[in-house]
Trainee: 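The structure is given below, and queries will be raised subsequently.
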Amino acid sequence: MNGPIGLHGGGEYVAGDERFLDALLAAARDAARRRAAAGEPGDVVGHASKAPVAEVRVVILPTAAARGRPERAAEMGRVAFAERAAAIGEACVIEVAHVVDEASAQDPDHAERLRSADLIHLPGGDPDVIPTILCDSPALAALETAWRRGAVVAGASAGAMALAEWTWTPKGGNRALGLVRGLAVVPHYDDIRRTAWQQALDDLAPGGIGYLGLDEQTGVISEPGAGGVRSWRVAGPGAAWWFTRGSDEPLVGQDGDLLRLPA
């Protein structure tokens with residue numbers, strides 16, 4: 001069973017983002033339980049009087065920041081998840097898969113970290129970098145293996161854009177990783193919605209693509225539903241704005257709401 005997907009509007013890892021980070025850790029806890037129940041090797045914590053519990057394995061994947069400061073993005077993620085795990089009492093191990101070029105995308109150690117993760121998080125950066133570096137790589141194969149096992153895969157800003165079917169750059173539209181079909185992510189939507197963004201994207205996007213606008217520090221996390229249909233729960237202080245292709249009237253969700261989007 002494929003795991004949850006998290007899509008986030010950016011402004012990650014800083015004060016105000018607690019609700020979304022907590023929601024990701026809660027979803028990853030379920031993945032860790034399934035991994036432990038399946039008998040996969042991993043760290044286990046507990047007391048003699050309680051059943052042992054697998055620690056949640058979080059892996060930060062700062063690929064989108066490869067042209068900037070990926071080490072800083074990774075460290076911010078490590079600190080943010082460690083603080084939220086401590087705040088909610090979650091047993092957590094946090095690592096970094098420093099995949100920032102073709103060579104590191106081939107690294108078996110990075111691939112193994114990704115393969116054994118319960119939560120893989122892709123912070124923001126440049127929207128074209130993730131599909132370019134990860135395409136047909138062992139790192140991407142490992143990410144997909146973890147996701148098919150039930151791990152959470154989540155991205156913020158350019159990281160979220162890359163998980164969709166299609167993304168765009170200043171030079172035009174690109175195919176993305178396609179973990180979510182039928183949409184493109186519009187991050188930082190609380191700023192972008194004041195511009196004439198939709199016509200510009202309609203001129204670039206392939207037919208049938210809808211748009212998911214996400215305010216900063218706000219995102220959606222997919223939840224399984226009956227018959228394989230997925231709903232998406234909103235988490236954060238802003239809103240999620242879903243536009244079907246060609247529509248000017250969005251379906252808007254706020255913290256705690258469920259939206260029906262492509263699976």
Side-chain angles (χ1 to χ4, degrees), residues 2-13 17 20-21 23-24 61-65 73 120-132 134 143 147 152-195 197-223 230-247 250-254 257-263:
N2 293 342
I5 296 287
L7 305 172
H8 184 275
E12 67 274 23
Y13 300 154
D17 200 30
F20 193 77
L21 295 177
L24 289 179
L61 183 60
T63 308
I120 299 170
H121 193 264
L122 293 80
D126 295 309
D128 62 313
V129 174
I130 292 174
T132 300
L134 293 188
L143 180 152
W147 181 52
V152 182
V153 178
S157 190
M161 294 167 74
L163 298 181
E165 181 173 353
W166 182 88
T167 187
W168 68 91
T169 75
K171 297 181 179 179
N174 288 336
R175 285 286 173 187
L177 300 182
L179 273 66
V180 182
R181 300 286 183 180
L183 64 78
V185 175
V186 185
H188 311 285
Y189 191 66
D190 32 5
D191 287 330
I192 290 174
R193 67 183 182 228
R194 290 189 284 272
T195 71
W197 64 273
Q198 191 170 7
Q199 183 58 54
L201 294 189
D202 280 344
D203 291 341
L204 295 172
I209 294 291
Y211 305 116
L212 177 63
L214 296 170
D215 292 345
E216 290 190 356
Q217 300 188 326
T218 302
V220 295
I221 301 176
S222 63
E223 297 185 352
R230 289 196 183 216
S231 296
W232 297 73
R233 189 170 299 277
V234 183
W241 311 71
W242 168 240
F243 295 84
T244 57
R245 174 71 186 221
S247 172
L251 178 64
V252 182
Q254 296 181 318
D257 290 344
L258 284 174
L259 297 176
R260 286 293 182 92
L261 305 179

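The shown structure was predicted, so the numbers you read here are calculated from the model rather than taken from an experiment. Values below: all heavy atoms of this structure, side chains included; hydrogens, waters and symmetry mates excluded.
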Trainee: With a 4.5 Å heavy-atom cut-off, do Leu24 and His121 have their side chains touching?
Mentor: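 The answer is yes, as the side chains (C-beta and beyond) meet within the 4.5 Å cut-off.
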Trainee: Can you name the nearest heavy-atom pair linking Pro131 to Asp128, along with the distance?
Mentor: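 Of all heavy-atom pairs spanning Pro131 and Asp128, the closest is CD-O, 3.6 Å.
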Trainee: Supply the atom-to-atom distance Thr132 OG1 to Asp126 CG, rounded to the nearest 0.5 angstrom.
Mentor: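 If I round to the nearest 0.5 Å, the distance is 10.0 Å.
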Trainee: I'd like to check Val152 versus Trp147 (side-chain heavy atoms, cut-off strictly below 4.5 Å). Are they in contact?
Mentor: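 No - every pair of side-chain heavy atoms lies 4.5 Å or more apart.
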Trainee: Between Gln217 and Glu12, is there a side-chain heavy-atom distance shorter than 4.5 Å?
Mentor: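 No; the side chains remain at least 4.5 Å from each other.
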Trainee: Which pair of non-hydrogen atoms, one from Val252 and one from Ala239, has the smallest distance, and what is that distance?
Mentor: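 Result for this residue pair: CG1-CB, 4.0 Å.
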Trainee: Would you mind reporting whether Phe243 and Val186 have side-chain heavy atoms less than 4.5 Å apart?
Mentor: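 They are not in side-chain contact.
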Trainee: If you round to the nearest 0.5 Å, how far is OH of Tyr211 from OG1 of Thr244?
Mentor: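 Going from OG1 on Thr244 over to OH on Tyr211, the span is 10.5 Å.
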Trainee: With Asp191, which residues qualify under salt bridge (charged side-chain N to carboxylate O under 4.0 Å, His left out), at least two apart?
Mentor: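 Listed in chain order: Arg194.
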Trainee: How far apart are the closest heavy atoms of Pro250 and Trp241, and which atoms are they?
Mentor: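 That would be CG-CE3, 3.9 Å.
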Trainee: With no hydrogens and no angle check, is any side-chain donor or acceptor of Asp215 less than 3.5 Å from a backbone partner on Asp190?
Mentor: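 A pair under 3.5 Å: yes.
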Trainee: Looking only at heavy atoms, which two atoms of Leu258 and Glu223 are closest? And how far apart?
Mentor: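 That would be CD2-OE1, 3.7 Å.
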Trainee: State the CG-CD distance between Asp17 and Glu216, to the nearest 0.5 angstrom.
Mentor: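 With rounding to 0.5 Å, CG (Asp17) is 10.0 Å from CD (Glu216).
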Trainee: Look up atom CG in Leu134 and atom OG1 in Thr63, then write down how far apart they are to the nearest 0.5 Å.
Mentor: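 Leu134 CG to Thr63 OG1: 5.0 Å, rounded to 0.5 Å.
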Trainee: Ring pair (Phe, Tyr, Trp, His ring centres under 6.0 Å), that's the test. Do His8 and Tyr13 meet it? Break it down for me.
Mentor: CA-CA 11 Å; His8 184 275; Tyr13 300 154; 8.4 Å; no
Trainee: Evaluate side-chain contact (heavy atoms from CB on, under 4.5 Å) for Arg260 paired with Trp242, printing each intermediate quantity in order.
Mentor: CA-CA 9 Å; Arg260 286 293 182 92; Trp242 168 240; over 6 Å; no
Trainee: For the atom pair CG (Leu7) and CG (Leu122), what is the distance rounded to the nearest 0.5 Å?
Mentor: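 These two atoms lie 11.0 Å from each other.
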Trainee: Once rounded to the nearest 0.5 Å, what's the spacing between atom CG of Asn2 and atom CG of Leu179?
Mentor: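 Those atoms lie 8.0 Å apart.
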Trainee: Quick one, Leu214 and Pro187 - any side-chain contact, counting heavy atoms below 4.5 Å?
Mentor: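 A side-chain contact under 4.5 Å is absent here.
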Trainee: Using the side chain to side chain contact (heavy atoms under 4.5 Å, CB included) definition, which of the options Ile221, Leu212, Ile5 pairs with Trp232?
Mentor: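 Single side chain to side chain contact (heavy atoms under 4.5 Å, CB included) partner of Trp232 among Ile221, Leu212, Ile5: Ile5.
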Trainee: Quick check: do Leu259 and Ser231 have side-chain heavy atoms less than 4.5 Å from each other?
Mentor: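 Counting from C-beta outward, Leu259 and Ser231 never come under 4.5 Å.
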Trainee: Within a strict 4.5 Å, meaning less than it, do heavy atoms of the Ile209 and Glu165 side chains meet?
Mentor: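 The answer is yes, as the side chains (C-beta and beyond) meet within the 4.5 Å cut-off.
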Trainee: In the structure I gave you, are the side-chain heavy atoms of Leu143 and Leu61 within less than 4.5 Å of one another anywhere?
Mentor: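 Yes, close enough: below the 4.5 Å cut-off.
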Trainee: Please report the shortest heavy-atom distance between Pro123 and Ala73, naming the atom on each side.
Mentor: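 Looking at all heavy atoms of both residues, the closest pair is CG-CB, 4.2 Å.
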Trainee: Pairing donors with acceptors under 3.5 angstrom, does anything connect the side chains of His188 and Ser157?
Mentor: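 His188 vs Ser157: donor-acceptor pair found between side chains.
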Trainee: Provide the closest heavy-atom pair for Val185 versus Ala160 in the form atom of the first, atom of the second, distance.
Mentor: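 The pair with the smallest heavy-atom distance is CG2-O, 3.8 Å.
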